[in-house]
Amino acid sequence: MLILSLDTSAAASAALVRDGVVTGNFATEDTRSHAEVLAPAVAGLLTREGIAGAALDAIVVGVGPGPFTGLRAGLATARTLAYVWDVPLHGVMSLDSIAEDAAAHLGSGEFLVATDARRKEVYWARYRAADGLPELLAGPAVGAPSSLPSLPAYGKGAGLYPGALAGVDGFTDVHPSAAALGRSAYRRLTAGLDLLDTSPLYLRESDARVPGPRKRATA
């Protein structure tokens, strides 16, 4: 099974995953250039691997949680490519990509995944690791780091709020990644499990507001 995986919930990333193994990977730490870098990255991955888009078995995309602008770039790209190439399209919660690596590291027990939601908040979810695989227990949600349970925490949010979250060494500067997301999607698809649709998980309203009526000038 050959999967193209995309995620733009934090920074832009893309990966090719063949039978659960990442064969091509692109990731950037820039959180503001999703739309500009994603399509060229996908083209580069396919060219280097000598793969035509129509040869893909599936496209998977992270559906958040994340900010409006970033998520829209990834979702629009994934939907367009799936339509043009006539390839099945699936959504995966972006926090699951961090949970995939976190569960493999932890082995067993409960843990948190937390990423930067700005406004002094984090996007988070609670998981249980069993035999190195993650099981979602609660979330996703957005809230203050101090409101989260005291559990090992993985992801950028843990690095930003070390006083409130018990960050795990080596995992406190981690964004969701297309590579781990693709591995998670492969495992679920081959197990016959359902994935999500591509509805975005924004979790809160946009900062953008429609301007109100202009005030009349007074004499």
Side-chain angles (χ1 to χ4, degrees), residues 5-15 22 25-34 37-38 61-74 92-185 200-207:
S5 176
L6 309 175
D7 190 89
T8 56
S9 61
S13 59
V22 178
N25 188 34
F26 166 85
T28 176
E29 291 297 311
D30 188 349
T31 59
R32 298 182 182 275
S33 62
H34 309 79
V37 302
L38 191 59
V61 60
V63 297
F68 282 71
T69 303
L71 281 185
R72 278 199 299 265
V92 178
M93 186 175 71
S94 299
L95 300 182
D96 285 354
S97 70
I98 298 177
E100 190 80 5
D101 291 334
H105 173 263
L106 188 62
S108 63
E110 293 188 13
F111 64 95
L112 300 175
V113 170
T115 59
D116 184 16
R118 302 173 187 173
R119 306 183 193 174
K120 298 183 179 180
E121 293 182 325
V122 293
Y123 297 119
W124 67 274
R126 183 173 183 168
Y127 296 84
R128 176 189 295 118
D131 298 323
L133 297 175
E135 175 191 358
L136 180 65
L137 299 179
V142 61
S146 59
S147 68
L148 273 59
S150 181
L151 291 169
Y154 295 75
K156 181 76 170 180
L160 290 173
Y161 303 101
L165 299 175
V168 177
D169 288 346
F171 291 88
T172 56
D173 198 29
V174 179
H175 292 301
S177 75
L181 186 144
R183 295 198 307 269
S184 177
L201 297 172
Y202 292 132
L203 299 191
R204 65 187 181 197
E205 295 183 0
S206 171
D207 290 330

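Residue Gly155 comes nearest to Ile98 through the heavy atom pair CA-CD1, 4.2 Å, listed as atom of the first residue, atom of the second, then distance. Closest of all the heavy-atom pairs between Leu201 and Leu71 is O-CD1, 3.9 Å. The shortest heavy-atom contact between Leu38 and Gly74 is CD2-CA, 3.9 Å. Taking both residues in full, the closest heavy atoms of Val122 and Gly157 are given as CG1-CA, 4.0 Å, listed atom of the first, atom of the second, then distance. Here the closest non-hydrogen pair linking Pro145 and Leu165 is O-CD2, 3.7 Å. Contact record, Pro65 with Leu203: CB-CD1, 3.4 Å, taken as the closest heavy-atom pair.
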Requested in this report: Please step through side chain to side chain contact (heavy atoms under 4.5 Å, CB included) for the pair Met93 and Leu136, ending with a clear verdict.
Outcome: CA-CA 10 Å; Met93 186 175 71; Leu136 180 65; 4.1 Å; yes
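Of the residues Ser177, Ser94, Ser13, the one that meets the side-chain hydrogen bond (donor to acceptor under 3.5 Å, both in side chains) test with Asp7 is Ser94.
Under the ring-ring contact (aromatic ring centres under 6.0 Å, His included) criterion, Phe171 pairs with His105, Tyr154, sequence neighbours left out.
With hydrogens and angles ignored, the 3.5 Å screen pairs a side-chain donor or acceptor of Thr8 with a backbone N or O of Gly70.
Note that OG of Ser147 and CD of Glu121 are 8.5 Å apart. Values are rounded to the nearest 0.5 Å. We find the NZ-CG distance between Lys156 and Asp173 to be 4.0 Å, quoted to the nearest 0.5 Å. We find the CG-CZ distance between Leu6 and Phe26 to be 11.0 Å, quoted to the nearest 0.5 Å.
Using a 4.5 Å heavy-atom cutoff, the side chains of Pro149 and Leu112 are in contact. Thr115 places none of its side-chain heavy atoms less than 4.5 Å from the side chain of Ser9.
The salt bridge (charged side-chain N to carboxylate O under 4.0 Å, His left out) contacts involving residues 174-184 comprise Asp101-Arg183, where partners must be two or more places apart or lie in separate chains.
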What pairs of donor and acceptor atoms, side-chain ones from residues 123-130 against any protein atom, are under 3.5 angstrom apart with sequence neighbours left out?
| unit_1 | atom_1 | unit_2 | atom_2 | d |
| --- | --- | --- | --- | --- |
| Arg126 | NE | Glu110 | OE1 | 2.8 |
| Arg126 | NH2 | Glu110 | OE1 | 2.7 |
| Tyr127 | OH | Asp96 | N | 3.4 |
| Tyr127 | OH | Asp96 | OD1 | 2.6 |
| Arg128 | NH1 | Glu135 | OE1 | 3.0 |

